[in-house]
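Below: one structure, written as structure tokens.
Here the structure is a predicted model, which means the values were calculated and not measured. Chain letters run A, B, ... following the sequence lines, proteins first, then strands; residues in each count from 1.
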2 protein chains.
Amino acid sequence: MVPESIRRAGVPEATVGRLPLYLRALTTLHDQGITSIASEELASRSGVRSTQLRKDLSHLGSYGVRGVGYDVELLAAQIAQELGLTQEWPVVIVGMGNLGRALAAYGGFSGRGFRIVALVDDDPEVVGTLVEGLRVMTLADLAAKGPTVAIGVITTPAPAAQTVAQNLVRMGVRSILNFAPGHLNVPDGVDVRGVDLATELQILAFHEQRRLLAVSTHDPLQEGTDSEAMG
Amino acid sequence: MVPESIRRAGVPEATVGRLPLYLRALTTLHDQGITSIASEELASRSGVRSTQLRKDLSHLGSYGVRGVGYDVELLAAQIAQELGLTQEWPVVIVGMGNLGRALAAYGGFSGRGFRIVALVDDDPEVVGTLVEGLRVMTLADLAAKGPTVAIGVITTPAPAAQTVAQNLVRMGVRSILNFAPGHLNVPDGVDVRGVDLATELQILAFHEQRRLLAVSTHDPLQEGTDSEAMG
DNA sequence: ATGACTTTGTGAACGCTTGCACAAAGTCGC
DNA sequence: GCGACTTTGTGCAAGCGTTCACAAAGTCAT
Ligand SMILES: NC(=O)c1ccc[n+]([C@@H]2O[C@H](COP(=O)([O-])OP(=O)(O)OC[C@H]3O[C@@H](n4cnc5c(N)ncnc54)[C@H](O)[C@@H]3O)[C@@H](O)[C@H]2O)c1
Ligand SMILES: NC(=O)c1ccc[n+]([C@@H]2O[C@H](COP(=O)([O-])OP(=O)(O)OC[C@H]3O[C@@H](n4cnc5c(N)ncnc54)[C@H](O)[C@@H]3O)[C@@H](O)[C@H]2O)c1
């Protein structure tokens with residue numbers, strides 16, 4: 001086996017992106033009372049190939065038993081540790097509009113390694129009100145007397161996002177999830193992930209158009225983005 | 001130049017994922033009255049390297065002018081055409097909860113190639129009510145007497161998502177944007193894109209933990225996910 | 001204990017993506 | 001017109017990610 005110090009540094013980015021997928025599937029299995037699972041079955045439930053699953057898991061170490069499979073609980077714990085979910089990360093949501101309120105109301109944070117500890121807006125009508133049991137504050141309040149936060153979620157209109165990001169970075173936040181469209185300029189060492197609805201829809205539109213074009217020209221061009229059959 | 005028939009089939013998937021980025025930047029530039037832009041500047045505003053931008057654009061053809069740059073309006077039109085945004089794609093949102101309502105209220109659909117033509121829920125309390133000027137219907141209603149839809153957006157709880165997806169596929173939808181956590185099993189030829197909040201946060205947590213670990217062990221391990229300096 | 005069987009873990013091959021280096025093709029001042 | 005300068009478009013090489021093929025390592029029935 002590879003030494004711990006080396007393998008820690010060497011988890012490929014693509015693998016990191018799939019670990020949450022596996023963890024989710026394992027959690028579901030655990031809830032169903034299943035204690036052991038083979039890579040083939042776990043891969044199928046995660047939407048990846050079994051070879052890829054095994055290669056991914058091999059980067060965290062050898063937690064499987066040949067001839068049997070993986071212990072659901074043990075593997076889940078290992079992935080959770082690798083992702084840093086043994087502690088609860090404090091999260092702030094900035095922008096209490098439609099989307100921000102939906103996220104605040106969403107129950108999927110707690111119990112999964114995250115806790116919303118602050119809600120922020122700059123509208124005087126909104127600041128001071130209670131949303132989901134938390135009092136909405138301004139960014140200045142958060143910096144001055146708010147709780148420490150590790151992750152910032154931005155759900156303001158696009159023009160405000162860059163300024164909000166700078167303020168978050170100034171108060172020590174180095175992980176940002178941005179729902180506003182557009183690219184954020186941040187210093188080195190700050191991690192920004194963007195979720196953009198328009199981008200996702202436009203990628204779907206591209207493939208949709210290509211499919212229609214292929215059919216209309218009787219071009220036997222196969223798409224095949226997912227080989228699983230429907231039940 | 002490469003013949004049209006060949007280049008059409010050959011736009012790499014990674015490029016498709018970035019075209020919406022460029023289109024957004026170009027739209028902003030157009031709104032600011034800027035008519036021409038060099039790859040260096042456009043790349044910077046899109047958060048990619050200029051060589052990558054040029055390579056991406058080269059897959060759609062030669063629309064730049066050497067020594068000058070790209071005509072903003074022309075390039076935007078070309079990208080829009082490539083993405084299939086010259087027509088308006090009819091969209092249905094299934095699941096009128098917090099998230100579904102936020103999406104329905106979101107103005108970023110129309111004018112960008114998409115139009116919400118139907119809203120669906122299965123709660124008798126919700127079906128029949130008006131949301132954003134549209135009357136909420138059931139999936140059965142949509143199949144029987146609703147408008148044709150090309151893209152389905154799923155914002156139901158996770159356990160319902162698979163069934164909803166099957167129903168959408170049965171009525172001809174081949175592009176699905178899924179906000180519910182979990183993998184959807186769909187037949188070949190159906191395109192599913194998943195947006196999962198928990199996944200995004202967990203990826204951020206992984207990097208956050210790695211940064212903290214690196215600092216605490218005085219390991220000069222650089223992160224450097226974005227080289228742009230903040231203004 | 002043994003042999004048949006199952007499943008993992010991984011080296012190697014392959015394909016896709018990115019980044020480099022540079023020629024080609026234009027503009028602009030004079 | 002012409003030379004200096006700017007910027008695009010692209011062949012090529014390096015790096016990354018996925019898939020294949022298979023040995024290694026276990027289980028299980030007998
Ligand atoms: N609603 C959606 O479904 C949806 C989908 C995709 C993307 N988005 C994006 O998410 C963002 C939010 O969308 P929304 O529909 O909730 O918008 P919204 O207008 O309902 O809410 C925006 C909120 O941000 C607050 N705000 C504005 N500037 C601020 C600042 N500088 N500091 C703190 N708070 C500030 C406003 O007071 C408001 O409460 C937008 O950028 C939108 O493009 C929304
Ligand atoms: N709210 C968020 O911020 C958020 C964030 C990330 C992911 N999600 C996911 O998005 C989904 C929706 O979240 P939400 O907070 O809006 O939930 P919600 O409970 O507020 O809304 C779900 C809606 O779906 C409807 N529904 C249930 N079964 C249905 C069916 N078979 N057909 C049609 N409609 C059905 C319900 O009646 C309800 O109106 C969930 O899967 C959630 O995990 C939500």
Exercise: do B/Arg45 and B/Thr28 side chains pair donor with acceptor under 3.5 Å: no
Distance in angstrom units between A/Gln78 CD and C/dT8 C1', rounded: 16 Å
Spacing of B/His59 atom NE2 relative to D/dG9 atom P, expressed in whole Å: 12 Å
A/Glu40 CD to C/dT8 P, straight-line distance once rounded to whole Å: 8 Å
Non-hydrogen atoms of B/Leu53 and B/Ser39 that approach each other most closely: CD2-O, 3.2 Å
Atom-pair distance (CD on B/Glu41; P on D/dT7), nearest Å: 11 Å
Atom-pair distance (CG on A/Leu42; C1' on C/dT7), nearest Å: 14 Å
Where protein sits on nucleotides 17-30 of chain C, one letter per nucleotide: B base, S sugar-phosphate only, - none, heavy atoms under 4.0 Å: SSB----BBSS---
Separation of D/dT10 P from B/Leu57 CG (nearest whole Å): 11 Å
Integer-rounded Å distance: C/dG9 P and A/Leu53 CG: 10 Å
Flag if over 12 foreign heavy atoms under 6.0 Å of CD, B/Glu40: no
B/Glu73, CD: over 12 other non-hydrogen atoms inside 6.0 angstrom: no
Run the side-chain donor-acceptor check on residues 14-25 of chain A: report pairs under 3.5 Å with partners two or more places apart or on a different chain.
residue: A/Thr15; atom: OG1; partner: A/Asp56; partner atom: OD1; Å: 2.7
residue: A/Arg18; atom: NE; partner: A/Asp56; partner atom: OD2; Å: 2.7
residue: A/Arg18; atom: NH2; partner: A/Asp56; partner atom: OD1; Å: 3.0
residue: A/Arg18; atom: NH2; partner: A/Asp56; partner atom: OD2; Å: 3.3
residue: A/Tyr22; atom: OH; partner: A/Asp56; partner atom: OD2; Å: 2.6
residue: A/Arg24; atom: NH1; partner: B/Asp196; partner atom: OD2; Å: 2.4

Value in whole Å for how far the C1' atom of D/dG26 lies from OH of A/Tyr70: 13 Å
Any residue meeting side chain to side chain donor-acceptor pair (under 3.5 Å) with A/Gln87, in chain and number order, not counting sequence neighbours: none
